[in-house]
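Report on the structure given below.
Computed over heavy atoms, backbone and side chain alike; hydrogens, waters and symmetry mates excluded. Residue indices begin at 1 and follow the sequence shown.
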Amino acid sequence: MTKASDARRDLIERTALRLFAERGYAEVSVRDIAQACGIGESALYRHMSSKEELAVRVFREAYIGFGQEMLEAAAGATGLEAKLSAYLSVMLEGFDRDPVMMRFLLISQHDTLSKAISPEDVTPVTIVYTAIATAAASGEITTSDPALSTALVMGAALQPMTFMFYGRVSSPAISHHCNILEGLTRLLDLS
């Protein structure tokens with residue numbers, strides 16, 4: 001691709017992302033995306049095959065990207081609490097850096113996640129699950145169901161960001177790191 005083509009693709013992705021986050025995937029048409037980009041629908045189709053393909057591609061890149069950032073952030077961490085702290089930092093800093101992307105990931109996960117992610121993919125959920133299952137296997141925590149513990153941890157980590165979207169919790173997100181981490185450690189009985 002040329003620089004101009006790359007720039008147009010980025011514009012289309014960012015615009016679609018913003019519209020999906022603001023209105024919800026179902027409420028955004030291809031025409032809406034094209035108009036917001038200031039281009040014709042035919043030009044839009046040079047960069048995507050469908051609205052669904054675009055949403056799936058953007059979701060996948062962002063979600064897998066967050067997973068990679070989490071792994072890198074926790075590379076030297078030992079123990080579940082240190083890993084959770086690193087993972088949480090990535091999530092909260094990601095929210096502060098790009099709230100539109102985070103909103104898209106949070107609100108579209110129910111429509112897009114199963115289409116964008118395969119069982120072999122390394123995702124934020126599989127990363128947290130692996131850390132919890134490893135901690136349980138080593139006796140660091142006691143849980144009979146690492147999957148349920150993962151669901152509880154992810155909910156406790158992500159719900160404050162949802163509240164931030166609606167002004168119920170203040171920003172920046174990273175300012176809540178200590179309190180959320182404390183809640184996670186209590187949830188898993190790490191304290």
Side-chain angles (χ1 to χ4, degrees), residues 1 3-70 87-88 90-129 147 150-176 180:
M1 283 191 180
K3 285 186 180 184
S5 182
D6 287 344
R8 177 155 292 170
R9 179 180 169 142
D10 288 345
L11 171 66
I12 291 166
E13 288 180 357
R14 291 303 303 175
T15 302
L17 178 69
R18 179 181 53 78
L19 293 173
F20 294 154
E22 289 172 358
R23 300 186 206 166
Y25 171 80
E27 299 302 316
V28 176
S29 69
V30 171
R31 176 175 285 142
D32 294 332
I33 297 167
Q35 286 176 343
C37 290
I39 60 176
E41 288 182 53
S42 60
L44 193 75
Y45 280 111
R46 287 187 210 126
H47 300 278
M48 62 180 227
S49 60
S50 67
K51 178 179 85 164
E52 180 180 51
E53 179 271 328
L54 176 62
V56 167
R57 179 171 26 104
V58 171
F59 186 96
R60 180 175 174 76
E61 288 173 11
Y63 196 60
I64 297 290
F66 268 113
Q68 187 59 43
E69 284 183 54
M70 289 167 65
Y87 303 157
L88 183 59
V90 169
M91 289 183 228
L92 296 173
E93 289 168 355
F95 179 95
D96 290 336
R97 180 179 64 242
D98 195 347
V100 172
M101 177 64 75
M102 189 61 80
R103 183 179 182 118
F104 169 69
L105 289 173
L106 288 171
I107 67 170
S108 69
Q109 65 182 314
H110 305 293
D111 298 324
T112 310
L113 184 65
S114 64
K115 298 170 192 164
I117 304 301
S118 67
E120 310 79 51
D121 288 325
V122 177
T123 68
V125 171
T126 62
I127 291 164
V128 172
Y129 174 83
T150 301
L152 293 169
V153 164
M154 294 302 288
L158 296 174
Q159 194 61 32
M161 288 181 256
T162 301
F163 272 48
M164 285 177 219
F165 292 136
Y166 300 107
R168 294 182 183 130
V169 173
S170 64
S171 298
I174 197 66
S175 70
H176 301 289
I180 296 170

Arg103 to Tyr166, cation-pi by 6.0 Å centre distance and 45° axis angle: yes

Taking all heavy atoms of [X] and all of [Y], pick out the closest pair and write down the distance.
X: Thr15; Y: Ala36; result: CG2-CB, 3.4 Å
X: Gly155; Y: Pro160; result: O-CD, 4.3 Å
X: Ile180; Y: Ala157; result: CG2-CA, 4.1 Å
X: Cys37; Y: Leu11; result: O-CD2, 3.8 Å

With a 3.5 Å distance limit and no angle check, can you tell me whether [X] reaches the backbone of [Y] through a side-chain donor-acceptor pair?
X: Lys115; Y: Glu53; value: no
X: His176; Y: Ser170; value: yes
X: Thr126; Y: Val122; value: no
X: Asp111; Y: Ser108; value: no
X: Asp96; Y: Ala173; value: yes
X: Thr112; Y: Gln109; value: no
X: Asp6; Y: Lys3; value: no
X: Arg60; Y: Ala116; value: yes

Tyr63 vs Val125 side-chain heavy atoms within contact, under 4.5 Å: yes

For the atom pair [atom1] ([X]) and [atom2] ([Y]), what is the distance rounded to the nearest 0.5 Å?
X: Ile64; Y: Asp121; atom1: CD1; atom2: CG; result: 4.0 Å
X: Met91; Y: Leu105; atom1: CE; atom2: CG; result: 11.5 Å
X: Met101; Y: Leu106; atom1: CE; atom2: CG; result: 11.5 Å
X: Met164; Y: Met102; atom1: CE; atom2: CE; result: 10.0 Å
X: Leu17; Y: Ile33; atom1: CG; atom2: CD1; result: 10.5 Å
X: Arg168; Y: Gln159; atom1: CZ; atom2: CD; result: 9.0 Å

Derivation of the salt bridge (charged side-chain N to carboxylate O under 4.0 Å, His left out) call for Glu41 and Arg46: CA-CA 9 Å; Glu41 288 182 53; Arg46 287 187 210 126; over 6 Å; no

Neighbour count above 12 (heavy atom, 6.0 Å) for Arg31 CZ: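 No, CZ of Arg31 has 12 or fewer neighbouring heavy atoms, counting only those of other groups under 6.0 Å.
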
Greater than 12 external heavy atoms within 6.0 Å of Arg8's CZ: no

Trace of the side-chain contact (heavy atoms from CB on, under 4.5 Å) decision for Leu19 with Tyr25: CA-CA 8 Å; Leu19 293 173; Tyr25 171 80; over 6 Å; no

CA sep, side-chain torsions, deciding dist, call: Asp32, Lys51, salt bridge (charged side-chain N to carboxylate O under 4.0 Å, His left out): CA-CA 11 Å; Asp32 294 332; Lys51 178 179 85 164; over 6 Å; no

Test salt bridge (charged side-chain N to carboxylate O under 4.0 Å, His left out) applied to Glu22 and Arg18, step by step: CA-CA 6 Å; Glu22 289 172 358; Arg18 179 181 53 78; 3.5 Å; yes

Side-chain H-bond candidate by donor/acceptor type, Ser50 with Glu52, under 3.5 Å: no

side-chain contact (heavy atoms from CB on, under 4.5 Å) evaluation trace for Ile107 with Thr162: CA-CA 9 Å; Ile107 67 170; Thr162 301; over 6 Å; no

Aromatic ring pairing Phe165/Phe95, orientation class (parallel under 30°, perpendicular over 60°, tilted between): tilted

From CA spacing to verdict: side-chain contact (heavy atoms from CB on, under 4.5 Å), Leu54, Val58: CA-CA 6 Å; Leu54 176 62; Val58 171; 4.0 Å; yes

Ile39 vs Ile12, side-chain contact (heavy atoms from CB on, under 4.5 Å): CA-CA, chis, key distance, verdict: CA-CA 9 Å; Ile39 60 176; Ile12 291 166; 3.9 Å; yes

